[in-house]
Structure formats: C-alpha cells, structure tokens
A.B. asks: 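Below is the structure I would like to discuss, written out as structure tokens.
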Amino acid sequence: MIRRAVLVVLGLVWLGPTYLLLVNASRPAASYDPATAWAPSGDFALFANFAAALDKADLGSSLASTALYSVVSPLLGVVIGAMAGYTIVVLRLRHGFWWFLLIFGGTVFPSQMLLVPLFVGYSDAGLYDTRAGMILVYTAINVPLAAFVLRNFYSGVAFSIFEAARMDGASTFRIFWRVYLPISTSALAAVFILEFTFIWNDLLFGLTLSTTESVRPVMTALAGLMTDVYAGTPVPVGLAAGLMCSLPTVLLFLATQRLFARGLSLGSV
C-alpha cells in the first residue's frame, strides 16, 4: 500500500510539467498569468493558439520539411545500415569487425565537432540550406545505429538460410532484399522509430545547415518562436507550438510501442 502511494505521488510529480503545458497552452493568448498557472482557464483556446503559432512562425513549412527529413532519412539509413550488417555478418566481409568499427566509430565524437567542417563542406558543395543537404546529413548520422542493431540481429540468424537461398540460385542482393530484409522487419522498425524521433527533435544541425523557412527543421523554427516570447509572443502561443511539434513523436511511439520493444530485444541478440 505504501509503495503504491509512493508511486502515485512520484507519477503525479512526473506529470506536473505536462499538466502545466496542457493547461497553459489552452488559455486564451492574452490571459496568461504566472500567479494562476496551475489553475485551468474557463476558456479553451488551444486550437486558436495552434493557428497563431502556425501563422507567426510559419511552422507549416517547417513541419512539412521535418516530416520529409524524418521519413526519408531513416528509411535510407536503415536500408544502408542493414546492407552493412548483412555484408559484414552474412557475406563474411574480410576484416568485417574493423569495417564495423569504422562505420560505428564516428558516433564517439560529439556532434559539435562536426559543425564547422559540415558548414564549410556544405557551403563549398552547394548543399547549404537545401533539403537534399539536410536529408544527406541526417542519413549519414543514422547509418551507424542501424548497422549496429542489424549486425547484432543478423548474427543470430542461421547461416543455413543464406546457403539454402544460394543453392536455389538467388543472387546475393536478392537474398538480402527478399530474405534477410523481411525477417528483420521488427528490428528495422525499432531503428526507424528511434531515428525518426532524433531527426524530428534535432536543433543543432538545423541551426547550422539551414536558414530559410522552407528548409529549416521545425525545432529550429520553434526555437525562434520561443525566443520571441520575450519580445511579445504570448506564452500560451509558444506553449501550444511546443505541444504541436511534440505530438508526432508521441503518437508514433504510442502507436508502435510493442513493435518498438520487440524490435530492440531482437536487435540485442
């Protein structure tokens, strides 16, 4: 009984910030008062605040760009990572472990170390402030995690499956595309969800590699809007914008949590 009560109290404390976000994002834009932040407002203005945020920060363009990055880059990343894992484990690439370290080793460096060379390289190559450039950098960042998970997954798959397919006359790529990729769907989905969340919530690369409203990720646009809170943007509008930008990742996780948990457990074999 005591343990349950403690858990309930801790849960309420944990949900406190979420409650404040929902209550104050639903207030009319002009009625925010820090002294009454915990008390619900009698007027429900959440959708009006959504509309104001979309108009003020042009979040519509940023949301569309971020949706593009968050779908295309993880798809490319998981396929390339799966190909790397397949080549290293199933095809038994010579010095495969060292190739894996080369792919995964870049993740040990802080992202901040990449910003200056990325900025210079993107500027010289004409990729700065382009959607193609953002997709390229997000794909490159996502490949190591996919390679790590799929390498572990394919290590637990019987090699006799590959041998049987070869005896049936299937090519190396056909075996990968028709056999190994389908049996790793859960692991691929788990990696995709993680990478979708990372890209959707990214601020650092968006600030460094984009400027225009049609290219910049949504978190970059949201950061600009929240900065404007101190220059006149109503607090409920800023909170509503944050809530709107967070909903896609929350809904995705809630809809796929079982698949996500299963995929991670398979990928840790």
A.B. asks: Should V157 and F162 be marked as a side chain to side chain contact (heavy atoms under 4.5 Å, CB included) after you check the CA-CA gap, both sets of side-chain angles, and the distance that decides it?
C.D. replies: CA-CA 9 Å; V157 177; F162 176 81; over 6 Å; no
A.B. asks: Show which residues join V250 in its hydrophobic cluster (side-chain heavy-atom contacts under 4.5 Å, direct or indirect), or state none.
C.D. replies: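 So far as hydrophobic clustering goes, V250 is joined with L254.
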A.B. asks: Do the non-hydrogen side-chain atoms of N152 and F148 ever get within less than 4.5 Å of each other?
C.D. replies: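 Of all side-chain heavy-atom pairs linking F148 with N152, at least one is under 4.5 Å.
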A.B. asks: For F159, does the six-membered ring have the charged nitrogen or CZ of R92 within the cation-pi criterion, i.e. under 6.0 angstrom from the centroid and within 45° of the normal?
C.D. replies: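 Positive - R92 is close enough to the ring of F159 and near enough to its axis.
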A.B. asks: Would you say S73's side chain and S70's backbone share a donor-acceptor pair under 3.5 angstrom?
C.D. replies: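 No; zero donor-acceptor contacts below 3.5 Å.
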A.B. asks: Does L75 share a hydrophobic cluster with I193, counting links as ILVMFWY side-chain heavy atoms below 4.5 Å and allowing steps through other members?
C.D. replies: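 As far as the 4.5 Å side-chain criterion goes, I193 and L75 are connected within one cluster.
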A.B. asks: Go through the structure and list residues passing side chain to side chain contact (heavy atoms under 4.5 Å, CB included) with S246, not counting sequence neighbours.
C.D. replies: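 Result, side chain to side chain contact (heavy atoms under 4.5 Å, CB included) vs S246: none returned.
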A.B. asks: So which atom in N49 and which in A240 form the shortest heavy-atom distance, rounded to 0.1 Å?
C.D. replies: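 Minimum heavy-atom contact is CB-CB, 3.5 Å.
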A.B. asks: Using ring-ring contact (aromatic ring centres under 6.0 Å, His included) as the criterion, list what pairs up with Y86, not counting sequence neighbours.
C.D. replies: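 Partners of Y86 by the ring-ring contact (aromatic ring centres under 6.0 Å, His included) criterion, ordered by chain and then number, come out as F176, Y180.
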A.B. asks: If every non-hydrogen atom of P248 is compared with every non-hydrogen atom of C245, which pair is closest and at what distance?
C.D. replies: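 In this case the closest contact between P248 and C245 is CD-O, 3.6 Å.
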A.B. asks: Quick one: pull up CG in L63 and CG in L54 and give me the separation to the nearest 0.5 Å.
C.D. replies: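 With rounding to 0.5 Å, CG (L63) is 6.5 Å from CG (L54).
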A.B. asks: So how far is it from L150 CG to Y154 OH, rounded to the nearest 0.5 Å?
C.D. replies: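 The distance works out to 4.5 Å.
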A.B. asks: If two hydrophobic side chains count as joined below 4.5 Å and joins carry through other members, does M83 share a cluster with L145?
C.D. replies: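 Yes, because M83 and L145 connect within a single hydrophobic cluster, where side-chain heavy atoms sit under 4.5 Å apart.
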A.B. asks: Once rounded to the nearest 0.5 Å, what's the spacing between atom CG of L102 and atom NE2 of H95?
C.D. replies: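 Result: 13.0 Å between the selected atoms.
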A.B. asks: Is V72 reachable from L188 through a run of I, L, V, M, F, W or Y residues, each pair having side-chain heavy atoms under 4.5 Å apart?
C.D. replies: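 Different clusters: L188 never reaches V72 through Ile, Leu, Val, Met, Phe, Trp or Tyr contacts under 4.5 Å.
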A.B. asks: side-chain contact (heavy atoms from CB on, under 4.5 Å) with Y19: which of L15, V23, L21?
C.D. replies: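 With Y19 as partner, L15, V23, L21 yield a single side-chain contact (heavy atoms from CB on, under 4.5 Å), made by V23.
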A.B. asks: Side-chain contact, heavy-atom cut-off 4.5 Å: F50 with L243?
C.D. replies: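 Yes - at least one pair of side-chain heavy atoms lies under 4.5 Å apart.
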A.B. asks: Compare all side-chain heavy atoms of R3 with those of V6 and state whether any distance is below 4.5 angstrom.
C.D. replies: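 Heavy-atom side-chain distance check fails, nothing below 4.5 Å.
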A.B. asks: Sequence neighbours left out, what passes side chain to side chain donor-acceptor pair (under 3.5 Å) with T66? Give chain and number order.
C.D. replies: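 With neighbours one apart ignored, the set is empty.
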A.B. asks: Ignoring hydrogens, what is the shortest heavy-atom contact between Y138 and G206? Give both atom names and the distance.
C.D. replies: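 Where Y138 meets G206 most closely, the heavy atoms are OH-N, 4.1 Å.
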A.B. asks: State the CG-CD1 distance between L127 and I135, to the nearest 0.5 angstrom.
C.D. replies: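 Answer rounded to 0.5 Å: 11.0 Å.
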A.B. asks: Tell me whether V79 is reachable from I175 by hopping between hydrophobic residues (I, L, V, M, F, W, Y) whose side-chain heavy atoms are closer than 4.5 Å.
C.D. replies: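 Yes.
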A.B. asks: Test your reading of the model: is there a side-chain donor-acceptor pair from Y122 to the backbone of L209, 3.5 Å cut-off?
C.D. replies: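 Checked: no pair found.
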A.B. asks: Taking atom CG of L203 and atom CE of M219, what is their separation to the nearest 0.5 Å?
C.D. replies: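 One gets 8.5 Å once the value is rounded to the nearest 0.5 Å.
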A.B. asks: Under a 3.5 Å distance rule, please check whether S171 uses its side chain to pair with a backbone N or O of R174 as donor and acceptor.
C.D. replies: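 Yes, the answer is positive, given that a donor and an acceptor are paired below the 3.5 Å cut-off.
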A.B. asks: Would the number of heavy atoms belonging to other residues, nucleotides or ligands and lying under 6.0 Å from CZ of F97 be above 12?
C.D. replies: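 Not more than 12 within 6.0 Å, no.
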A.B. asks: Does the side chain of V191 reach to within under 4.5 Å of the side chain of P74, using non-hydrogen atoms?
C.D. replies: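 No, too far: nothing below the 4.5 Å cut-off.
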A.B. asks: Quick check: do S210 and P217 have side-chain heavy atoms less than 4.5 Å from each other?
C.D. replies: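 S210 vs P217: side chains touch.
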A.B. asks: Restricting to non-hydrogen atoms, name the atom on T139 and the atom on G77 that form the minimum distance, rounded to 0.1 Å.
C.D. replies: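 Of all heavy-atom pairs spanning T139 and G77, the closest is CG2-N, 4.0 Å.
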A.B. asks: Of all the heavy-atom pairs spanning Y69 and V215, show the shortest one and how long it is.
C.D. replies: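 Shortest heavy-atom separation between Y69 and V215 comes out as OH-O, 2.6 Å.
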A.B. asks: Ignoring hydrogens, what is the shortest heavy-atom contact between A187 and F153? Give both atom names and the distance.
C.D. replies: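 Between these two residues, the closest heavy atoms are CB-CD1, 4.3 Å.
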A.B. asks: Would a 4.5 Å heavy-atom cut-off, applied to side chains only, mark I80 and N142 as touching?
C.D. replies: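 Heavy-atom side-chain distance check fails, nothing below 4.5 Å.
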A.B. asks: A side-chain contact here means heavy atoms from C-beta on lying under 4.5 Å apart; do L118 and V137 qualify?
C.D. replies: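 Yes, close enough: below the 4.5 Å cut-off.
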A.B. asks: Please name all residues satisfying side chain to side chain contact (heavy atoms under 4.5 Å, CB included) with A221, sequence neighbours left out, ordered by chain then number.
C.D. replies: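 A221: side chain to side chain contact (heavy atoms under 4.5 Å, CB included) contacts with L59, S62, R216.
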A.B. asks: With the 4.5 Å side-chain cut-off for hydrophobic clustering, are V237 and M244 part of the same group?
C.D. replies: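 Shared cluster, no.
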A.B. asks: Angle class for the F104/F100 ring planes (parallel below 30°, perpendicular above 60°, tilted otherwise)?
C.D. replies: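 It falls in the parallel class, under 30°.
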A.B. asks: For residues 126-135, pull every pair meeting side-chain hydrogen bond (donor to acceptor under 3.5 Å, both in side chains), keeping only residues two or more places apart or in separate chains.
C.D. replies: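 Qualifying pairs, neighbours excluded: S65-R131, D129-T211, D129-T212.
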A.B. asks: Okay, side chain of R166, backbone of A170: is any donor-acceptor separation there less than 3.5 Å?
C.D. replies: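 A pair under 3.5 Å: yes.
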A.B. asks: Looking at OG1 of T220 and CG of L207, how far apart are the two atoms once the value is rounded to the nearest 0.5 Å?
C.D. replies: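 CG of L207 is found 4.5 Å from OG1 of T220.
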A.B. asks: Answer yes or no: is there a donor N or O on one side and an acceptor on the other, between the side chain of N201 and the main chain of T197, under 3.5 Å?
C.D. replies: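 Such a contact is found between N201 side chain and T197 backbone.
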